[in-house]
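Side chains are part of it too, since the values below use all heavy atoms of this structure and drop only hydrogens, waters and symmetry mates.
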Amino acid sequence: LQGHHVTYTLVGQGMLEVNAERTAVEFKPVDLTLEAAGKPAGSLMLNGTWPIASSGPEGSVRLVVKNLDGGPLAELSGLFPGRIPAPLPVDADMTVAMDTRSENLRLRGLETIGPMRVARSDGGQEAATLRIEHDVTRGRNQIQVDNFRFMAKRPQGAPDDITTTGRIGLTGRREGRLTSHIASLDAGWYAALLSTPNSSPPPESHPSSVKQPAGQKASSHGATALMGFDIDLSIESISHGPLKIGPGRVTSKGTDERLHVALKPTGVAGGRVEAALDIDARKELPELRWFGKGRDLSVGTILAALSPGQEPALKGSGSFETSGSGVLADGPLRDHLTGTAEITIAKGQFIQSEALSFLAKYTKIPELEQMGFDQYRSTLHFSNGAITVDQFSVTGPIASFDGTGSIARDNAIDMRIFPKIGPSLSARIKIPCMSALLATADGFTTLPFALRISGTTNNPEYGIDTAALDYAKGPMTGLVGTMKSLLRGCREDGQESLSK
């Protein structure tokens with residue numbers, strides 16, 4: 001595999017016997033011992049009777065695996081990239097049964113994998129042993145899942161426990177019904193298991209510089225795989241570091257042409273979230289529509305889960321609402337979506353913000369760096385891969401901000417934020433061009449510049465821009481003329497600077 005290989009040596013003993021009618025073979029039993037790199041690597045045992053002709057009798061074979069070291073295979077294949085290299089015990093006890101008359105093939109038993117450890121930065125449990133129980137039958141027309149249970153046991157903390165029952169059709173069209181229940185799940189552990197340690201972020205793409213084909217083709221998006229299925233997933237508890245999800249429910253109802261997925265009101269980060277997605281595949285390019293909203297969400301908890309091991313940029317009680325539509329076509333999904341989103345955060349605080357750190361250094365006002373605020377609000381509009389920030393505002397006791405901007409398809413940022421400082425700070429700052437400051441009706445003082453954010457989403461750049469007054473919108477518009485007149489006098493005296 002990719003220029004590497006793993007060698008297992010098998011030492012076996014046993015007996016195989018074919019019946020007189022030559023319709024079945026009997027394993028009496030067959031024992032196999034494995035070695036890898038000169039060390040014991042487990043054992044396998046086969047026992048039972050298996051039909052070898054369509055007219056043969058029913059048969060079943062039991063396979064028992066003990067202490068098989070799957071570590072070398074896992075490392076070679078990259079199956080669990082986040083696993084800390086070590087022996088990986090695999091044990092199994094399963095029975096495969098064949099009914100030659102009905103052609104039903106039944107697989108039932110259990111397997112255990114581990115223990116194995118992962119490196120985590122969110123403070124969660126590192127070790128777990130996976131256990132899979134199953135009773136599945138493949139018939140002529142469908143796969144019947146009488147029981148599929150996935151569990152993970154840990155030295156401390158709650159085990160994972162997921163159960164699924166239902167059926168999957170095999171008649172040439174996608175259809176089936178599945179019912180699943182998540183009693184508990186540590187999603188952070190699996191995120192660490194499946195992630196590549198110390199992986200660098202992917203380079204930024206610039207879709208606007210890539211020539212797009214004249215005709216669009218339908219995308220084989222993952223959501224379309226659910227077409228034709230009825231799925232009911234109930235959730236008691238899912239955790240991802242500090243983030244807790246549940247109780248809640250997800251349902252999916254679909255035909256060959258339509259799909260409706262709904263997230264019923266579900267607990268998320270101390271609040272509630274609900275959403276719906278509809279896909280109509282009757283046209284050449286499947287169309288989609290979505291709606292979602294959430295309230296009373298702990299923003300700090302969500303950000304901590306998205307960036308494990310890092311302090312969140314801000315905290316507060318958040319809410320959002322979003323809706324839109326689009327098509328499933330080739331290329332990045334965002335290039336084919338049009339919609340809006342409104343985000344509000346109440347009673348919050350900036351913990352670490354590069355923009356505020358820059359502004360605090362420029363104005364010599366350290367309180368700005370981790371300022372608290374009463375309300376944060378942003379209204380976004382996105383279309384054809386670009387995002388327009390129609391409104392951005394932060395109101396707080398010591399400072400407020402208003403701004404607008406955009407993020408282009410190539411992830412380039414162009415945003416201007418106009419700061420105002422409260423009465424408690426206005427008296428402290430000493431600015432040579434004090435005549436260029438305007439006091440607002442609420443006692444705040446508007447500073448004669450904008451914080452300019454440029455660069456890209458991965459590498460933003462910050463600067464001060466007095467010319468940005470030309471782009472002022474909303475509540476700032478009425479002040480522009482007066483501000484420009486005052487700034488002309490400032491510029492005659494030289495470039496203004498802020499100092500204590």
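Inter-residue side-chain proximity for T404 and M415 is flagged as unmet; no heavy-atom pair is nearer than 4.5 Å. Using a 4.5 Å heavy-atom cutoff, the side chains of R377 and E342 are in contact. With contacts defined as side-chain heavy-atom distances shorter than 4.5 Å, the pair E133/R108 does not qualify. A 4.5 Å side-chain heavy-atom check between L288 and D278 finds every atom pair outside the cut-off. You'll find the side chain of H381 stays beyond 4.5 Å of the side chain of T379, heavy atoms only. Between L277 and F291 the shortest side-chain heavy-atom distance does not fall below 4.5 Å. Side-chain contact between D402 and F392 is absent, with no heavy-atom pair separated by less than 4.5 Å. Counting heavy atoms from C-beta on, the side chains of L359 and F401 come closer than 4.5 Å.
Counting only distance, with no hydrogens or angles, the side chain of S307 and the backbone of Q310 share no donor-acceptor pair below 3.5 Å. Side-chain N or O atoms of H336 include one that pairs as donor or acceptor with a backbone N or O of D330 at under 3.5 Å. Using a distance-only test at 3.5 Å, with no hydrogens or angles considered, a donor-acceptor pair links the side chain of S195 to the main chain of A192. With hydrogens and angles ignored, the 3.5 Å screen pairs no side-chain donor or acceptor of T388 with any backbone N or O of D390. A donor-acceptor distance shorter than 3.5 angstrom exists from the side chain of T266 to the backbone of K264, with no hydrogens or angles considered. Formation of a donor-acceptor pair under 3.5 Å by the S184 side chain with backbone atoms of P159 is found in this model. Distance alone, capped at 3.5 Å, is enough to place a donor-acceptor pair between the Q370 side chain and the I351 backbone. In this structure, R334 contributes its side chain and R409 its backbone to a donor-acceptor pair below 3.5 Å.
Across all their heavy atoms, L243 and A305 have their closest contact at CB-CB, 3.6 Å. Between F449 and F418 the shortest heavy-atom distance is O-CD2, 4.1 Å. Nearest heavy atoms, P242 versus A304: CG-CB, 3.9 Å. When all heavy atoms are compared, the tightest approach of G254 to D230 is N-OD1, 3.4 Å. In terms of heavy atoms, A281 sits closest to D256 at CB-O, 4.4 Å. Closest non-hydrogen pair, I238 versus A187, comes out as CG2-CB, 4.0 Å.
Environment of CZ in R167: crowded, with over 12 heavy atoms of neighbouring residues, nucleotides or ligands closer than 6.0 Å. Surrounding CZ of R295 are at most 12 heavy atoms belonging to other residues, nucleotides or ligands under 6.0 Å away. In E311, the CD atom is crowded: over 12 heavy atoms of neighbouring residues, nucleotides or ligands sit closer than 6.0 Å.
We find that E126 and R154 are not joined by a salt bridge, their nearest charged nitrogen and carboxylate oxygen being 4.0 Å or further apart. Salt bridge status for R83 with E75: present, with a side-chain N to carboxylate O gap under 4.0 Å. Under 4.0 Å is where a charged nitrogen must lie from a carboxylate oxygen, and between D186 and R120 at least one such pair does. For the pair D161 and R149, the salt-bridge criterion is met [side-chain N within less than 4.0 Å of a carboxylate O]. The existence of a salt bridge linking D414 and R452 is confirmed by a sub-4.0 Å separation between a basic side-chain nitrogen and an acidic carboxylate oxygen. Under a 4.0 Å N-O distance rule, the pair K153/D160 does not qualify as a salt bridge.
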- Item | Check against side-chain contact (heavy atoms from CB on, under 4.5 Å), H260 and I279 | CA-CA 7 Å; H260 176 74; I279 296 178; over 6 Å; no

- Message: Does L259 form a side-chain contact (heavy atoms from CB on, under 4.5 Å) with S252? I'd like the steps, not just the answer.
- Response: CA-CA 7 Å; L259 175 68; S252 174; 3.3 Å; yes

- Message: Between S234 and H181, does the side chain to side chain donor-acceptor pair (under 3.5 Å) criterion hold? Intermediate values first, please.
- Response: CA-CA 5 Å; S234 58; H181 176 69; 2.7 Å; yes

- Give the C-alpha distance, both sets of side-chain angles, the deciding distance and a yes or no for side-chain contact (heavy atoms from CB on, under 4.5 Å) between L88 and I113. CA-CA 7 Å; L88 181 60; I113 305 173; 3.9 Å; yes

- After noting the C-alpha distance and the side-chain angles of R249 and D232, does the key distance pass the salt bridge (Lys or Arg N to Asp or Glu O under 4.0 Å) rule? CA-CA 7 Å; R249 196 175 208 88; D232 190 331; 3.0 Å; yes

- Task: Give the C-alpha distance, both sets of side-chain angles, the deciding distance and a yes or no for side-chain contact (heavy atoms from CB on, under 4.5 Å) between Q142 and T137.
- Result: CA-CA 8 Å; Q142 68 177 19; T137 302; over 6 Å; no

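One distance of note links CE of M94 with OG of S60; it measures 14.0 Å at 0.5 Å rounding. The CG atom of L285 lies 12.0 Å from the CG atom of D280; values are rounded to the nearest 0.5 Å. Separating the CG atom in N384 from the CZ atom in F382 is a distance of 12.0 Å, to the nearest 0.5 Å. Between atom CG of residue N147 and atom CG of residue D135 there is a gap of 6.5 Å, rounded to the nearest 0.5 Å.
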Ignoring hydrogens and angles, write down the donor-acceptor pairs under 3.5 Å from the side chains of residues 315-322, residues two or more places apart or on other chains.
residue, atom, partner, partner atom, Å
T322, OG1, W290, NE1, 3.2
T322, OG1, T340, O, 2.9

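Taking the six-membered ring where tryptophan is involved, the planes of F373 and Y376 are tilted, since the angle between them lies from 30° to 60°.
Two rings, from Y362 and Y462, have their centers 6.0 Å or more apart.
For E369 and S357, the side-chain atoms include at least one donor-acceptor pair closer than 3.5 Å.
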